Amino acid sequence: MTLPIRSLSDKPSRSDSNGDTSAASAASLRAPGAVKPRRRSRWFLPLLLFILLASGLAAAWAFFPKADSTYGSLIVRPFRRENVQLTVVERGSLESARNADIVCRVKAGKQTRQTTIKWLIDAGTQVVRGQVLARLDDSALVKTLQEQEIITSKAMLDWMTARDQYDLVQSLNETDLETARINLQLAELELKKYLEGDYEQLLKDVRSRILLAEADMEMWNERVAWANRMVKKNFITPTQAEADQSRRRSAQVALDKVKEELRVLKDYTRLQQTTLLKSNIATARSKLKQLQVQARSTESQALNDRDTKKKIYDKELALKKEVEEEIQNCVLRAPQAGLVVYYESPRSRRSAESPKIEVGATVHEGQKMMQIPDLKRMIVNTSVHEALVAHLKGQVSKPTGFLDSLKVGLLTAPSLSTRLSTIHAFDPLMELPTSDELRELDSVKVHDGQRVQIRVDAYSKTLLEGRVKSVATVATKDWFSDVRMYKTEIEIIDHHKGLKPGMSAGVTILTDRKAEDVVAIPVQSVLREAGKDGRQYVYVKTPTGVVKRFVQVGINNEKMVEIQSGLKEGELVAENPQVLDTGSTASSASKSTKGKGGKPPRRSKK
């Protein structure tokens, strides 16, 4: 489409005017030369130099961009083939790659969930490890500690009393049980003594007396028989014989008495005594069982009371230690040497009502108050538009597995103390501030991230080298638009002494995508039509005038954009087409790299 503008032939060109001037000058020089040869030789050398200078200026005027006199300040120039590398230009802020966070560790109390800052070190102060950074209000905690000390002392006294009572109950139970065991043993011994001793002795005694009684009976039987024979022979009187008869009857009574004693001993006395002794054994055994049950009950009660009082004491003691620890936590110290920086969350940057770190301000448990960054390892935090994030590649590392192997080896060690020490010490070791260094040593780099050129605003004359360290896998959405950005960390390789957290910087990420030996023009030369599917176009100067030419663009960087079709090498393209098309703006080829975060521009409306 040819623009309705005047033809370039309406006015004489600079080359024509220059040519006329040169011809006139030559004619003016030749005329005098025919009359005066010496004067022509005098002016020949200056004239030659003038012609060469004029030719050089004409060539420069034709090669370099120039404003077309027909279209005011329009600048056109021919563009050649060159290499174009896709770059992503963003803005970000400096942070330390390794920060020691200073966090409020004072827990929420019964009356309030926050505490007040009483004293605070100035931001930017250089501190050493262990130096006091801040003091929080601990007056309420000191009062709580005094009350807790009284409660803990009473709990300790109750526990000691319960402990002594338990020892006393144990001693009494042991004494009673030992006495019951002895009584049972004595009862069993009495039964055994009777059956194997007393009874046998009584039995033998009765049997021996029976034998004596039977011997006496036999003797008196013979005496009576002899007396009867003597009475018959009248050697003794019947009265004498009757006396012997009486003595035999007495012997018989004595024998019957002893035999009855034997029967009573076997049938009754033995059974009665055995039953009595067995009853004593059963009574002693029952008494022992009762004492055992009673001892277990009283001991269990005393033990439960002792353990309960011990738990109460331990609880109160733990509360006391916790309050003491909270008082210690009111004094914040530097975990490492460095520069103090007050922590400012992203939310506080957008809201004036967000909490600030200052004397008199309130802080809560877990709130970040300050950071001590490692100024030798700095990164640039930036965000990249979702349309460009696919071209970014961060650093890739993988763990060597040394720490895991070390842990497994220690856990399988023969020594029980080594295994227990590993369980209790290895995991807390990985939570120390030096754990990042341990993990870094335990990893091997697979490949580096893409090269980045960094220019810090505070040191704009210094160009720093960097690498893409990481690219977030999850996008963050802006509160005020639907644009999705991916957080990207740029590691600064060149250490600069003056770098500090919070400084602003511009980054140019050199991606792996390149177009070699292509027609390229400045990004500001490409415009886009209004509308959702607006086409991209440029203005080209032709012999008939300046025309609008639709083009298809390829990759671009912050300076040049690839033209895939619509232009030929050497054609004159307008570098400032806005003077002809004031209603349009630069296309996405330019704004995709110059806009903040690489956002594609909104299409202009004509």
Side-chain angles (χ1 to χ4, degrees), residues 1-16 59-87 89 387-388 513-595 598-606:
M1 180 181 67
T2 304
L3 295 176
I5 57 180
R6 293 187 299 171
S7 173
L8 295 174
S9 61
D10 293 345
K11 290 186 178 182
S13 63
R14 289 180 177 266
S15 60
D16 294 339
W61 184 271
F63 180 77
F64 289 104
K66 53 188 175 295
D68 195 293
S69 59
T70 307
Y71 308 107
S73 59
L74 181 65
I75 301 176
V76 296
R77 61 169 289 186
F79 294 97
R80 308 298 179 187
R81 305 181 73 86
E82 60 180 84
N83 298 334
V84 179
Q85 181 180 18
L86 176 63
T87 60
V89 179
L388 299 172
R513 187 178 177 186
K514 297 180 180 179
E516 297 182 353
D517 194 24
V518 296
V519 177
I521 64 175
V523 291
Q524 68 269 18
S525 298
V526 183
L527 302 178
R528 183 187 293 274
E529 287 184 329
K532 182 177 181 182
D533 299 324
R535 294 177 296 175
Q536 293 173 315
Y537 61 92
V538 298
Y539 284 109
V540 182
K541 183 180 179 181
T542 65
T544 59
V546 178
V547 297
K548 180 178 180 180
R549 184 86 57 81
F550 291 102
V551 295
Q552 183 177 355
V553 302
I555 66 173
N556 61 84
N557 52 36
E558 74 277 11
K559 294 181 180 180
M560 306 298 288
V561 56
E562 173 194 4
I563 301 299
Q564 296 179 341
S565 64
L567 280 181
K568 295 181 180 179
E569 181 181 358
E571 288 189 294
L572 298 175
V573 180
E575 282 196 61
N576 55 341
Q578 290 81 2
V579 301
L580 299 175
D581 197 356
T582 56
S584 299
T585 57
S587 70
S588 60
S590 62
K591 290 198 174 182
S592 63
T593 57
K594 292 188 178 181
K599 305 176 185 177
R602 300 182 182 272
R603 294 179 175 85
S604 61
K605 296 182 180 180
K606 290 187 177 180

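Please read these numbers as outputs of a predicted model, since none were measured by experiment.
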Arg535: which residues meet the side chain to side chain donor-acceptor pair (under 3.5 Å) condition with it, sequence neighbours left out? none
Counterpart residues, side chain to side chain donor-acceptor pair (under 3.5 Å), relative to Arg81 (two or more places apart): Asp517
Intermediate values then yes/no, side-chain contact (heavy atoms from CB on, under 4.5 Å), Val538 and Leu527: CA-CA 6 Å; Val538 298; Leu527 302 178; over 6 Å; no
Can you see which heavy atom on [X] is nearest to which on [Y], and at what distance?
X	Y	result
Ala574	Val76	CA-CG1, 3.8 Å
Ser525	Pro577	O-CG, 3.7 Å
Gly570	Pro78	O-CB, 3.3 Å

Quick one, [X] and [Y] - any side-chain contact, counting heavy atoms below 4.5 Å?
X	Y	answer
Met560	Glu82	yes
Phe550	Glu529	yes
Val553	Ile563	yes

Sub-3.5 Å donor-acceptor pair from the side chain of Glu575 to the main-chain atoms of Ile75, do we have one? no
Among Val551, Val526, Ile555, which one satisfies side-chain contact (heavy atoms from CB on, under 4.5 Å) with Val561?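 Of Val551, Val526, Ile555, side-chain contact (heavy atoms from CB on, under 4.5 Å) with Val561 is met by Val526 alone.
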Should the pair Glu571-Arg549 be classified as a salt bridge under the 4.0 Å nitrogen-to-oxygen rule? yes
Go through the steps to decide whether Ile521 and Leu567 satisfy the test side-chain contact (heavy atoms from CB on, under 4.5 Å), and finish with yes or no. CA-CA 10 Å; Ile521 64 175; Leu567 280 181; 4.1 Å; yes
